[in-house]
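FYI, the numbering just counts along the sequence from 1. Side chains included, hydrogens not; waters and symmetry mates left out as well; all remaining heavy atoms used. What you see is a predicted model, and the numbers here were worked out from it, not measured in a lab.
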Amino acid sequence: MELKSFKWRPFVWLSHGWKMLGYVLPMALACAGITGLPISMALASLLCALLCCLLFGGRNKVLLTPAPFSALMLTASIAYYAGAVSDRLMVASMLTLFTGGWLVLLTVILPRHCMNWIARPVWHGIGMGISLTLMVMLAPIILGVAANNSSWLEQWVLLLDWHSWNWPSVVLAALSLALLLFWRTQSQPKALWVLLLVWMLSHIWPFTLLGVATPVQQNWQVWMQVSLVHADWALLVFMSATIALLINVEICQYLPDRFRYSTGLTGLTNILSALTGGMVASVGYIDDQALRLTRSTLLTALVILLLIYCWSWWRAIPLPVLAVIALYAICVQINWSELRLYYRQWGDLLWLCVSALLIVLFGICAGLWLIISLGLIVMCWHTIRLRAWPLLLPEVQIVVQEAVITLPQILLFANASSLLHRSFDLVRTLQVQKVYLDVSAGCHTDVTVFVHLQVLARNLHQQGKTLYICGLSEAACMVLTTKKLDYLLPEQLSTRDAESLLINPTSYAGDPVAV
C-alpha cells in the first residue's frame with residue numbers, strides 16, 4: 001500500500017494566499033506611490049477588490065487590483081484638475097466614485113462586443129503611449145529630483161543634468177531592478193520579496209537620512225469630506241469617464257466572454273473603494289491554474305492583507321523602489337509574443353505608431369477619446385466596404401464525424417473576435433477531433449486576425465481538438481505560414497475548401513509547400 005504525501009490544508013491555503021498577494025500587493029503599493037497617494041489608499045482599494053471578488057465573483061473569478069495604467073489615468077486626472085478642491089486625496093476619492101458609477105452604466109448601456117471591434121494595433125498603440133508617458137513620469141522619482149514640468153523637453157534636460165541627481169535614490173533603484181531581473185523565481189511574486197527586503201533594510205539603514213522621499217501612511221477614514229459646492233463637476237465627470245473607458249477597453253480586449261461581467265464588478269469595487277478611502281481598481285490577472293483563484297485562496301489573502309493593514313508594516317517605502325516595481329509590472333504585462341506578429345505588417349505598424357503618437361502629443365485623456373473614436377470610424381468604414389458584418393453568425397455541420405465551420409463573410413479585424421468566439425462556442429461541446437474553419441469568403445491578414453486565430457487554436461487544443469484553416473487565398477496562406485502562429489502549423493493551413501479536403505485529405509499537408 002502506497003502512502004500518499006500529506007499536505008496540511010490550512011498550510012496550502014496560506015501558501016496560495018501569500019502567492020496571490022505577491023501578485024497584487026506590490027502593484028497596488030507601486031500605483032499609490034507613483035500617483036502620490038498614501039499607502040493606506042492602496043491597501044483599502046485592494047481590500048475592497050478582494051472582498052468583491054470573494055462575494056460577487058461567481059464561478060469564473062477575476063482578480064481586481066490597482067493597475068499601473070489606471071493609476072496613471074488617476075494621476076493625470078489629479079494633475080489637470082482645476083476645481084476649487086485642492087486636496088489630492090479628496091479628488092482621488094471623487095474620481096474613484098465617479099469611475100465606479102460610469103463602469104456600472106457602461107455595463108448596462110454598451111453592447112457586449114462593442115470594444116472588441118477596435119483593431120488590436122490600436123490598443124497596442126494606446127498601451128505603448130501610456131507606457132511611454134508613465135516612464136517619463138517615473139524618471140524623476142528614480143533620479144530623486146523634483147520635476148517642474150511634465151513635458152518631454154523638461155524630462156530630457158533633467159536626464160542630462162546628472163549633477164542634480166540624488167545618487168542614493170539611483171543606487172536604490174538600480175539594486176531593486178537587479179533583484180527583479182536576476183532573482184530566479186516566478187515573475188511577479190518576487191516583487192513582494194523585494195518589498196520585504198527593503199522593509200528589513202529600512203530598520204537597519206533608514207532611507208530618510210539619504211534624502212529619498214517616501215509616501216506617508218495615513219489613518220483609515222470612511223469618506224473624504226469634500227466641499228461639493230465648489231467642485232468642478234464637468235471636469236470630474238470627463239476625467240472619470242476617461243478612466244472608465246480605459247478599464248472597459250482593457251477588459252474587452254483581454255478577457256474572454258465569460259469574464260465580461262467583471263465590468264460591473266469593477267464598477268462596484270470602485271464605488272466601495274471610494275467610500276472606504278481607496279483608489280481606482282482595475283482588472284489585474286485572470287483565474288489560471290498556477291494562481292488557483294478559489295474562494296479559500298481569496299479569503300486567506302484577505303485575512304493576510306487585513307493583518308498587514310492593521311500592523312502597518314510599510315509606513316514608508318522608498319519611492320524609487322515603487323517606481324521600479326511599477327515599470328517591472330508593465331513589462332511583465334506586455335504580451336511580447338504578440339509583438340512579433342508585426343513583422344512586415346506595415347499597415348498595423350502605422351496604426352500602432354499613430355495611436356502611440358496621439359497619446360503622447362494630446363495627452364492621455366484627450367488622446368484616448370480621439371483614438372477610440374477614429375478606430376470605431378475606421379471599423380465602420382471597413383465593415384461597410386468589405387461587408388464584414390459582426391451580426392452574421394458562422395454555421396457548423398458534422399461531415400464524416402468532423403466539424404466544419406463556414407464563415408459567411410470576410411474575416412476582418414472588425415469581426416474576428418465575435419466570429420471566432422462564436423465558432424468556438426459551436427464546437428466546444430462536440431465530440432470531434434478535427435475542426436475545419438472554412439474562410440473561403442476571405443481572410444484579411446492583420447495582427448488582430450492573427451491574435452484571435454491563435455486564441456481559437458489554443459482553446460481547441462486544450463480540449464484535444466485540432467484546428468484546420470482552409471479556403472485561404474494564396475497570399476493569406478503564405479502570410480499565415482511565415483508568421484508561425486502558435487498551435488497552427490503550416491500543415492494546418494490550406495488554400496482548398498473544406499469539402500475538397502474531406503473528400504481527399506491525403507494531399508492536405510502539401511498545400512502550403514505548393515503555395
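- Closest of all the heavy-atom pairs between Leu392 and Pro408 is CB-CG, 4.1 Å.
- Pairing each heavy atom of Thr276 with each of Ala44, the nearest pair is O-CB, 3.9 Å.
- When side chains are defined from C-beta on, Glu250 counts as touching Ser282, because their heavy atoms get closer than 4.5 Å.
- With values rounded to the nearest 0.5 angstrom, Leu411 atom CG is found 10.0 Å from Thr448 atom OG1.
- In terms of heavy atoms, Pro38 sits closest to Ala32 at O-CB, 3.9 Å.
- Two residues are said to be in side-chain contact when any heavy atoms from C-beta on lie closer than 4.5 Å; Val435 and Thr466 fail this criterion.
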Checklist line | Trace of the side-chain contact (heavy atoms from CB on, under 4.5 Å) decision for Met239 with Phe98 | finding: CA-CA 9 Å; Met239 296 294 185; Phe98 287 177; over 6 Å; no
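- Side chains of Asp438 and Leu407 form no contact here, defined as non-hydrogen atoms less than 4.5 Å apart.
- Put simply, the side chain of Lys483 gets close to the backbone of Tyr343: a donor and an acceptor are under 3.5 Å apart.
- Between the side chain of Ser473 and the main chain of Ala476, a donor-acceptor pair closer than 3.5 Å is present.
- Counting heavy atoms from C-beta on, the side chains of Ser93 and Met41 come closer than 4.5 Å.
- Of all heavy-atom pairs spanning Ile251 and Ser262, the tightest one is CG2-OG, 3.7 Å.
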Next item on the list: Show your reasoning for whether side-chain contact (heavy atoms from CB on, under 4.5 Å) applies to Cys443 and Val449.
Entry: CA-CA 8 Å; Cys443 179; Val449 174; 4.0 Å; yes
Next item on the list: Using the side-chain contact (heavy atoms from CB on, under 4.5 Å) rule, take Tyr436 and Ile405 through it: C-alpha gap first, then chi angles, then the decisive distance, then the call.
Entry: CA-CA 6 Å; Tyr436 293 89; Ile405 303 173; over 6 Å; no
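- Under the salt bridge (Lys or Arg N to Asp or Glu O under 4.0 Å) criterion, Glu395 pairs with no residue, sequence neighbours left out.
- Residues passing the side-chain contact (heavy atoms from CB on, under 4.5 Å) test with Leu327 are Met135, Leu138, Ile142, sequence neighbours excluded.
- Formation of a donor-acceptor pair under 3.5 Å by the Asn270 side chain with backbone atoms of Thr266 is found in this model.
- Other residues, nucleotides and ligands contribute more than 12 heavy atoms inside 6.0 Å of the CD atom of Gln462.
- Closest heavy-atom contact between Val447 and Pro121: CB-CG, 4.2 Å.
- Rounding to the nearest 0.5 angstrom, the gap separating the CG atom in Leu420 from the CG atom in Asp425 is 11.0 Å.
- The salt bridge (Lys or Arg N to Asp or Glu O under 4.0 Å) check on Arg458 picks up nothing, with sequence neighbours excluded.
- With values rounded to the nearest 0.5 angstrom, Leu341 atom CG is found 11.5 Å from Thr445 atom OG1.
- For the atom pair CD (Gln454) and NE2 (His461), the distance works out to 13.5 Å, reported to the nearest 0.5 Å.
- Counting heavy atoms from C-beta outward, Cys52 and Leu272 have side chains that approach closer than 4.5 Å.
- Between Asp486 and Arg340, at least one side-chain N (NZ, or NE/NH1/NH2) sits under 4.0 Å from a carboxylate O, which counts as a salt bridge.
- When side chains are defined from C-beta on, Phe424 does not count as touching Val455, because their heavy atoms never get closer than 4.5 Å.
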Return a table of donor-acceptor pairs under 3.5 angstrom between the side chains of residues 353-381 and protein atoms on other chains or two or more places apart.
unit_1 : atom_1 : unit_2 : atom_2 : d
Ser355 : OG     : Trp351 : O      : 2.8
Trp369 : NE1    : Thr242 : OG1    : 2.8
Ser373 : OG     : Trp369 : O      : 2.7

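- Remark: His452 NE2 to Leu419 CG distance equals 10.5 Å, nearest 0.5 Å.
- Annotation for Leu322 and Ala30: closest pair O-CB, 3.4 Å, computed over non-hydrogen atoms.
- No more than 12 heavy atoms of other residues, nucleotides or ligands lie within 6.0 Å of CE in Met128, so this atom counts as exposed by the packing criterion.
- With rounding to the nearest 0.5 angstrom, the CG atom of Leu493 is 9.0 Å from the CG atom of Leu453.
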Check: Passes side-chain contact (heavy atoms from CB on, under 4.5 Å), Tyr487 versus Leu467? Steps please.
Finding: CA-CA 8 Å; Tyr487 304 101; Leu467 176 65; over 6 Å; no
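- Between the side chains of Asp446 and Gln345, no donor-acceptor pair of N or O atoms lies under 3.5 Å.
- Inter-residue side-chain proximity for Ser418 and Asn415 is flagged as met; some heavy-atom pair is nearer than 4.5 Å.
- The closest side-chain heavy-atom distance from Arg387 to Gln409 is not below 4.5 Å.
- The ring pair (Phe, Tyr, Trp, His ring centres under 6.0 Å) check on His382 picks up Phe413, with sequence neighbours excluded.
- Legend: residues meeting ring pair (Phe, Tyr, Trp, His ring centres under 6.0 Å) with Phe450, ordered by chain and number and at least two apart, are absent.
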